[in-house]
Amino acid sequence: MSRKSVKVAVTGAAGQIGYSLLFRLASGEVFGPDTKVSLHLLEITPALPALEGVVMELDDCAFPLLENVVVTDNAETAFDGINWALFVGSKPRGAGMERGDLIRENGPIFVGQGRALSKAASDARVLVVGNPANTNCLIAMNNSDLPEERFGALTRLDQNRAYAQLAQKAGVPVSAVSNVTIWGNHSATQYPDAENAKINGKPAMEVITDHDWLRGEFISTVQKRGAAVIAARGKSSAASAANAALDHVMSFESKTPDGHWFSAAVPSDGSYGIEKGLIFSFPVVSDGAGGYSIVQGLQLSEFAKEKVVATEQELKDEKSVVTDLLR
Ligand code: NDP
């Protein structure tokens, strides 16, 4: 999709992911060298001074394509006339907090942001990064008048991690890997599907003959990669998360090459028997003009079906914790 200018809102813009995201958005890398970029940065009030520091650095990059920067703690101001909303900000998990507590803590933020979107933006596409991303997205979608197909949550980092693991195992460059799908929730129940993946155009299951690895260590490595990065670096995987968010945006902005697909959590239309309306990661193709569809007809083995049912069940359970926040 080519535009003369694009307005992108980023919430939690003073955070770690924001710091890896904003400069690449402003550089023109995402929307192309002919598209001017306005950044609408939302933060909670106490984080506004830190955000001012980030804006100083944006100024100091003198990006020719960066037309305007809005800094605010008001969601409607941030979302005014935007084309993309990247919902990065969310409350982190506190000590002793269960996933259900985290969902309840974050719910009101996404109710408010969904409502603000309805008031301020008529043509926005939304990507939720802040965790628990799928259910935060479900809440925002249910509190907004924007069409449901404008909403998505990030599973592209999981996909990218799966590509890297398969390429390393097969001893090929990452560009030789294609058609990997992440099914379900961005959580430990996600199912990274190598059964439908290809390596140099051949079924990955033929190229990698260690099927125990594909059904065991491969899946758990992808599922636990975030924790492994924290253990090694002492900080979370913010740069690769930001990179994946930009990959997600670029994939929806461009036409997916024939025979390929990418993974994104989008509202289920009932495909593959998944409950309608859940924000579920599927194989997706974009038409490059604002539309997308879920790839149909992929074969799932009994092993895969069990995994898909388990991640769907987790999303149903998460939904049941926030029914009062849904319309
Ligand atoms: P990060 O920028 O590191 O992360 C932001 C969110 O992205 C978290 O929910 C995090 O989940 C999630 N995330 C998804 N995938 C990844 C990944 N691979 N690696 C790391 N994070 C991932 O958090 P910070 O704390 O640095 O910044 C958050 C900012 O959001 C703060 O500046 C805060 O002020 C702001 N905020 C804004 C709100 C708002 O706009 N209303 C509300 C609350 C906070 P996880 O925690 O699971 O790592």
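Sequential numbering from 1 along the given sequence is applied to the chain's residues. Atoms within each ligand, like the ligands themselves, are counted from 1 in listed order. Keep in mind that this is a model prediction, so the values were computed, not measured.
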Exercise. Mind checking whether E105 has a heavy atom under 4.0 Å from ligand 1?
Worked result: no
Exercise. Do any heavy atoms of G226 fall under 4.0 Å from ligand 1?
Worked result: no
Exercise. For atom 2 (O) of ligand 1, is some protein heavy-atom partner under 4.0 Å away?
Worked result: yes
So, does [X] use its side chain to make a donor-acceptor pair with the main chain of [Y] at under 3.5 Å?
X: N160; Y: A244; value: no
X: N185; Y: T189; value: no
X: N106; Y: K91; value: yes

Exercise. In Å and rounded to the nearest 0.5 Å, what is the CG to OG distance from D34 to S5?
Worked result: 12.5 Å
Exercise. How many angstroms lie between atom CG of L325 and atom CG of L138, to the nearest 0.5 angstrom?
Worked result: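 So the CG of L325 and the CG of L138 are separated by 9.5 Å.
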Problem set entry | Aromatic ring proximity, centroids under 6.0 angstrom, W183 and Y272 |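 Ring centres of W183 and Y272 closer than 6.0 Å.
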For this session: Answer yes if the ring centres of F87 and F151 are under 6.0 angstrom apart, and no otherwise.
Result: no
Shortest protein heavy-atom distance from [atom], along with the residue and atom involved:
atom: atom 40 (O) of ligand 1; answer: Q113 NE2, 3.6 Å
atom: atom 20 (C) of ligand 1; answer: S236 OG, 3.4 Å
atom: atom 46 (O) of ligand 1; answer: P92 CA, 4.3 Å
atom: atom 34 (O) of ligand 1; answer: E43 OE1, 2.7 Å
atom: atom 8 (C) of ligand 1; answer: S90 OG, 3.7 Å
atom: atom 28 (C) of ligand 1; answer: G15 CA, 4.1 Å
atom: atom 19 (N) of ligand 1; answer: S237 OG, 3.1 Å
atom: atom 23 (O) of ligand 1; answer: Q16 N, 4.4 Å

For this session: Look at the aromatic rings of F252 and H248 and report parallel, tilted or perpendicular, splitting at 30° and 60°.
Result: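 Tilted, since the angle between the ring planes falls between 30° and 60°.
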Problem set entry | Q190 side chain to S281 side chain, donor-acceptor N/O pair below 3.5 angstrom | no
For this session: May I ask you to check whether Q16 and S236 show a side-chain donor-acceptor distance below 3.5 Å?
Result: no
For this session: Check each of N68, L21, L58, V71 against L39 using the side-chain contact (heavy atoms from CB on, under 4.5 Å) test, and report the only one that passes.
Result: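 When N68, L21, L58, V71 are each tested with L39, the side-chain contact (heavy atoms from CB on, under 4.5 Å) holds only for L58.
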Distance filter under 4.0 Å to [X] heavy atoms, resulting ligand 1 atoms:
X: R161; result: 18 (N)
X: V129; result: 7 (O), 12 (C), 13 (N), 14 (C)
X: L157; result: 18 (N)

For [atom], the option (of [options]) bearing the nearest heavy atom:
atom: atom 6 (C) of ligand 1; options: L42, V88, I109, N243; answer: V88
atom: atom 16 (C) of ligand 1; options: P132, A241, A245; answer: A241
atom: atom 15 (N) of ligand 1; options: N131, D158, I44, V229; answer: N131

Exercise. Does the pair R99 and E314 meet the rule for a side-chain contact (heavy atoms from CB on, under 4.5 Å), with working shown?
Worked result: CA-CA 11 Å; R99 195 168 171 91; E314 184 182 48; 4.2 Å; yes
Where's the contact between [X] and ligand 1, heavy-atom distance under 4.0 Å: side chain, backbone, both or neither?
X: I17; result: both
X: L154; result: neither
X: K235; result: neither
X: A47; result: side chain

Problem set entry | Exceeds 12 heavy-atom contacts within 6.0 angstrom, atom CD of Q299 |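 12 or below, so no.
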